[in-house]
Amino acid sequence: MDLARPDLRPDPSLSRDEMEALQREIAAAATFDDEHALDPAAVAVEEAASLADGLPPARDDAQEQLGTGAAGASTGTAADADAPTVVGVDQAFLTDRGEDRPDAAVSAAVALRGGSVVEYASATTPLSIPYIPGLLAFREGEPILAALDTLDTEPDLLVCDGSGRIHFREAGLATHVGVLRDVPSVGVAKSLLCGEPDESTAERPEGWRTPVRADDAVTTAEPGTAIGHAFQSRQYPNSRRVNPLYVSPGHRVSAERAVDLVEALCAGYKLPEPTRLADAHAERVKRNAE
DNA sequence: GCGACAG
DNA sequence: ATCTTGTCGC
């Protein structure tokens with residue numbers, strides 16, 4: 001595979017200090033502006049896929065463009081085929097019976113175009129490094145790159161499960177993967193690693209957002225710098241409260257554009273569709289492996 | 001020493 | 001992340 005920055009690819013034998021130094025290099029190589037960013041309207045997902053009867057089949061653009069099906073009956077359009085490709089990435093873990101620690105990662109990549117799935121890919125990789133807060137990319141980065149390698153489609157945007165710029169050295173998983181491949185990427189986390197939301201996130205309506213600003217834990221940014229957003233992607237009218245998402249730039253997008261993209265990719269559920277589908281695909285691959 | 005921390 | 005039933009509310 002052609003890594004954009006093979007020089008920034010981590011060596012498995014790095015010490016913790018060396019990993020942190022590499023993250024500072026990766027953050028320096030990352031761009032958090034919209035010069036190459038996508039238009040949220042171009043990637044919007046209108047309707048959520050139903051997962052009740054399993055994952056939807058991948059659409060075959062080539063056949064649809066040739067008019068293989070009944071005339072006019074196809075839901076795919078030429079515009080869909082030309083739309084940017086958004087790839088959601090997520091992982092599941094395999095633990096051997098009797099063991100307490102997972103020994104392999106299942107990385108799933110699901111490509112969407114015009115709101116529907118065009119390709120599923122996955123890779124199962126032995127795990128070497130344990131989970132350490134701040135160093136997640138060294139555990140999950142290579143497995144994710146392995147899954148992306150098996151994708152035929154070239155991603156225009158990666159949606160990663162975890163932080164991007166919301167990170168101690170502004171180099172979370174989404175930034176790590178985005179920079180190594182030099183592809184625009186966003187990070188979507190279900191909890192906050194570091195930084196401080198401008199406003200309390202308690203009981204907010206759907207669509208609400210507030211900037212997350214760097215605090216003292218972020219060692220590479222001036223305190224107060226906007227590094228991402230808390231975003232209420234879903235909320236119930238009554239009672240039960242849904243926690244917000246924490247969205248941050250990975251690479252080649254601003255904090256503002258990152259949330260706009262994620263908002264456009266949400267279709268009624270808490271998680272954006274690419275992430276939701278990648279999660280389900282990873283679970284399916286895992287289940288078929290046990 | 002304690003806190004605090006994506007998946 | 002993973003181990004898991006029911007249960008509450010849409």
Side-chain angles (χ1 to χ4, degrees), chain A residues 16 19-20 23 26-27 48 52 88-108 124-144 147 158-178 185-197 201 203 205-206 212 214-220 227-231 233-250 258 262 268-272 275-276 278-283 285-287 289-290:
Chain A
R16 180 175 182 134
M19 288 190 238
E20 295 185 358
Q23 288 185 323
I26 288 172
V89 181
D90 194 23
Q91 294 180 303
F93 296 87
L94 291 164
T95 307
D96 274 343
R97 267 261 305 149
E99 299 298 327
D100 52 344
R101 296 299 172 200
D103 58 289
V106 175
S107 300
T124 301
T125 317
L127 286 171
S128 43
I129 302 169
Y131 166 68
I132 299 168
L135 299 178
L136 178 66
F138 293 93
R139 174 178 171 84
E140 302 192 350
E142 282 300 316
I144 288 172
L158 297 176
V159 181
C160 299
D161 61 315
S163 287
R165 196 182 182 185
I166 295 180
H167 181 270
F168 308 130
R169 293 164 290 278
E170 297 176 277
L173 181 63
T175 304
H176 185 102
V177 175
S185 63
V186 300
V188 178
K190 293 180 286 296
S191 58
L192 191 58
L193 175 62
C194 58
E196 189 66 28
T201 60
E203 300 183 38
E206 196 165 300
V212 170
D215 56 14
D216 291 339
V218 182
T219 60
T220 55
I227 54 177
H229 288 84
F231 171 56
S233 56
R234 181 163 197 204
Q235 193 53 279
Y236 300 122
N238 305 323
S239 66
R240 238 181 80 182
R241 170 184 142 65
V242 178
N243 293 127
L245 296 176
Y246 297 92
V247 179
S248 58
V262 168
Y269 292 90
K270 171 172 175 172
L271 294 177
T275 304
R276 194 174 154 251
D279 183 81
H281 185 226
E283 289 299 327
V285 173
K286 174 184 172 178
R287 181 169 52 76
E290 289 177 327

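Residue numbers begin at 1 in each chain, while the letters A, B, ... track the order of the sequences. None of the values given here were measured: they were computed from a predicted structure.
What separates OH of A:Tyr269 from P of C:dC10 is a distance of 17 Å, to the nearest Å. The separation between A:Asp161 atom CG and B:dA6 atom P is 13 Å, rounded to whole Å. Between the C1' atom of B:dA4 and the CG atom of A:Leu193 lies a distance of 9 Å, rounded to the nearest Å. Whole-Å rounding puts the A:Glu196 CD to B:dG3 P distance at 19 Å. Rounded to whole Å, the distance from CG on A:Asp216 to P on B:dG3 is 18 Å. For the pair A:Phe168 CZ and B:dG7 P, the interatomic distance rounds to 12 Å; values are reported in whole Å. Rounded to whole Å, atom P of B:dC5 lies 11 Å from atom OH of A:Tyr246. Summarising the geometry, the separation between CG on A:Asp215 and P on B:dG3 is reported as 18 Å, rounded to the nearest angstrom.
Classification of A:Glu283 and A:Arg287 as a salt-bridged pair fails, no side-chain N sitting under 4.0 Å from a carboxylate O.
Residue A:Leu94 is out of contact with every strand shown, counting any heavy-atom pair closer than 4.0 Å. Contact annotation for A:Ile166: no contact, since no heavy-atom pair falls under 4.0 Å across all strands. Here A:Ala92 lies in heavy-atom contact (under 4.0 Å) with sugar-phosphate atoms only.
Looking at the side chain of A:Asp90, the nearest of the listed nucleotides B:dA6, C:dT2, B:dG7 is B:dG7. Closest to the A:Glu283 side chain, of the nucleotides B:dA6, C:dT2, B:dG7, is C:dT2.
The phosphate of B:dG7 (OP1 or OP2) has a side-chain N or O of A:Ser191 nearer than 4.0 angstrom. Checking the phosphate oxygens (OP1, OP2) of B:dA6, a side-chain nitrogen or oxygen of A:Tyr131 falls inside 4.0 Å. Taking only side-chain nitrogens and oxygens, A:Lys190 comes nearer than 4.0 Å to OP1 or OP2 of C:dA1.
Contact of the A:Lys190 side chain with the A:Asn243 side chain is not registered, since no non-hydrogen atoms from C-beta on lie closer than 4.5 Å. Between A:Leu158 and A:Val177 the shortest side-chain heavy-atom distance falls below 4.5 Å. A heavy-atom distance below 4.5 Å is not found between the side chains of A:Thr275 and A:Tyr269.
Summarising the geometry, atom CD belonging to A:Gln91 is positioned 4.5 Å from atom CD1 belonging to A:Ile144; distances are rounded to the nearest 0.5 Å.
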